[in-house]
Amino acid sequence: MKAVVTGGAGFIGSHLCDYLIAHGHEVTVLDDLSTGSESNLEQVAQNTSFELVKGSILDQSLVSDVIAGSDTVFHLAAAVGVHTIVDNPLRSLHTNLHGTENVVEAAVSHGARFMVASTSEVYGKNDADGLTEDADRVLGSPLKSRWSYAAAKGLDELVAHIYGEQSGIPCVITRFFNIVGPRQTGRYGMVVPRFVSQALNNEPITVYGEGTQRRCFGSVFDIIPAVVRLMDTPAAYNKAVNLGGQEEVSIKGLADRVLELTGSSSEISYVSYADAYGKGYEDMQRRMPDTTLANRLIDYAPQRDLNDIITSIIEYKRAEDAAPQAAVV
Ligand code: UDP
């Protein structure tokens, strides 16, 4: 495979690069390093089959140049994290809409099959017991910028789907459900690395709202091989596929679990949504994937439970603290 990974210096993207390089593929990353970091790519950068191009997916001619000659594009570059979206709604929207259009257009015009990373956010406030891929989107008002990420990602899916259908070029849309792992930073939201850092520093654990909202966290190490397998699975083409974990937990329950696994003496501090994200913020109360489709297509069966996921973050943060010069957070 001659692959391009947009957003390859980010959390999920860099793990994908590790996997592709380890499996003998050629990889070019396009990343503007706005939220990603070169240190995430330290290992793969040693390999002669790897190249990092620093630049934006909003730069149409650069995107086209980078994709020319490749056979596969993994599009992971995006403005992500609730804080990023809430603090910079317009820039996030621009990147997530036009950036994806540029990448998909270039992939199609150069005949490269492509994967577009989407998110469980597209289901909005639908709190069904196991969201299947055809579940309805329940979004709040379009005038609330909080919903801009979900709205943009929904349009990204449409762009990918329509281009894929019209061109006949293989395309896969992956919907990630709260994926967690080493290299993820808590700076832009992402609750697990935040709680682990707080616990390791004996700072208060900041539970937003009442902590009764529930999530189902998935390991990055389970989803990366799944993403690559989906690209080789014709039955997955032009479909959106849920990928995530199976163990549901409340955010208060997550805080307790982090405290238990770190042995920290941190207190739990309840923070109102208004104080956390600004007035009028609407959280999703529940987000639970139904992964029957992934299971059927590629025998997807996640191996890591919540304790494994939290432990991997604890080990990563401890190693980082021991070597501050390589810190990523
Ligand atoms: N959250 C929290 N404390 C934090 C960060 C997040 O209680 O310091 C909550 C957040 O309100 C949400 C859940 O944890 O209910 C997951 O947040 P994250 O940003 O990781 O992902 P989301 O599911 O919101 O996209």
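Counting starts at 1 for both ligands and their atoms, in listed order. Computed over heavy atoms, backbone and side chain alike; hydrogens, waters and symmetry mates excluded. Fair warning: this is a prediction, and the values are worked out from it, not measured in the lab.
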Check each N or O atom of ligand 1 against all protein N or O atoms and list the pairs under 3.5 Å, with atom names and distances to 0.1 Å, one per line.
{"from": "ligand 1", "atom 1": "3 (N)", "to": "T206", "atom 2": "O", "distance (Å)": "2.6"}
{"from": "ligand 1", "atom 1": "7 (O)", "to": "Y208", "atom 2": "N", "distance (Å)": "2.7"}
{"from": "ligand 1", "atom 1": "8 (O)", "to": "R194", "atom 2": "NE", "distance (Å)": "2.8"}
{"from": "ligand 1", "atom 1": "8 (O)", "to": "T206", "atom 2": "O", "distance (Å)": "3.3"}
{"from": "ligand 1", "atom 1": "8 (O)", "to": "T206", "atom 2": "OG1", "distance (Å)": "3.0"}
{"from": "ligand 1", "atom 1": "8 (O)", "to": "Y208", "atom 2": "OH", "distance (Å)": "3.4"}
{"from": "ligand 1", "atom 1": "11 (O)", "to": "Y277", "atom 2": "OH", "distance (Å)": "3.4"}
{"from": "ligand 1", "atom 1": "11 (O)", "to": "D283", "atom 2": "OD2", "distance (Å)": "3.3"}
{"from": "ligand 1", "atom 1": "15 (O)", "to": "Q213", "atom 2": "NE2", "distance (Å)": "3.1"}
{"from": "ligand 1", "atom 1": "15 (O)", "to": "R215", "atom 2": "NH2", "distance (Å)": "3.4"}
{"from": "ligand 1", "atom 1": "15 (O)", "to": "D283", "atom 2": "OD2", "distance (Å)": "2.5"}
{"from": "ligand 1", "atom 1": "19 (O)", "to": "M190", "atom 2": "N", "distance (Å)": "3.4"}
{"from": "ligand 1", "atom 1": "20 (O)", "to": "V191", "atom 2": "N", "distance (Å)": "2.8"}
{"from": "ligand 1", "atom 1": "21 (O)", "to": "N178", "atom 2": "ND2", "distance (Å)": "3.3"}
{"from": "ligand 1", "atom 1": "23 (O)", "to": "N178", "atom 2": "ND2", "distance (Å)": "3.0"}
{"from": "ligand 1", "atom 1": "23 (O)", "to": "R215", "atom 2": "NE", "distance (Å)": "2.6"}
{"from": "ligand 1", "atom 1": "23 (O)", "to": "R215", "atom 2": "NH2", "distance (Å)": "3.4"}
{"from": "ligand 1", "atom 1": "23 (O)", "to": "R287", "atom 2": "NH1", "distance (Å)": "3.1"}
{"from": "ligand 1", "atom 1": "23 (O)", "to": "R287", "atom 2": "NH2", "distance (Å)": "3.4"}
{"from": "ligand 1", "atom 1": "25 (O)", "to": "R287", "atom 2": "NH2", "distance (Å)": "3.4"}

Tracing side-chain contacts under 4.5 Å among Ile, Leu, Val, Met, Phe, Trp and Tyr outward from V207 reaches V180, V191, V192, F195, V196, L200, I205, F217, V249, I251, L254, V258, L259, L261, I268, Y270, L306, I309, I310, I313, I314

Is it true that atom CD of E210 has more than 12 heavy atoms of other residues, nucleotides or ligands lying nearer than 6.0 Å? no

Using the side-chain hydrogen bond (donor to acceptor under 3.5 Å, both in side chains) criterion, which residues pair with H25? Sequence neighbours excluded. none

The side chain to side chain contact (heavy atoms under 4.5 Å, CB included) partner of F74 among V27, V29, V227, T6 is V227

Hey, is E157 close enough to R175 for a salt bridge, meaning N to O under 4.0 Å? yes

S167: partners by side-chain hydrogen bond (donor to acceptor under 3.5 Å, both in side chains), with sequence neighbours left out: none

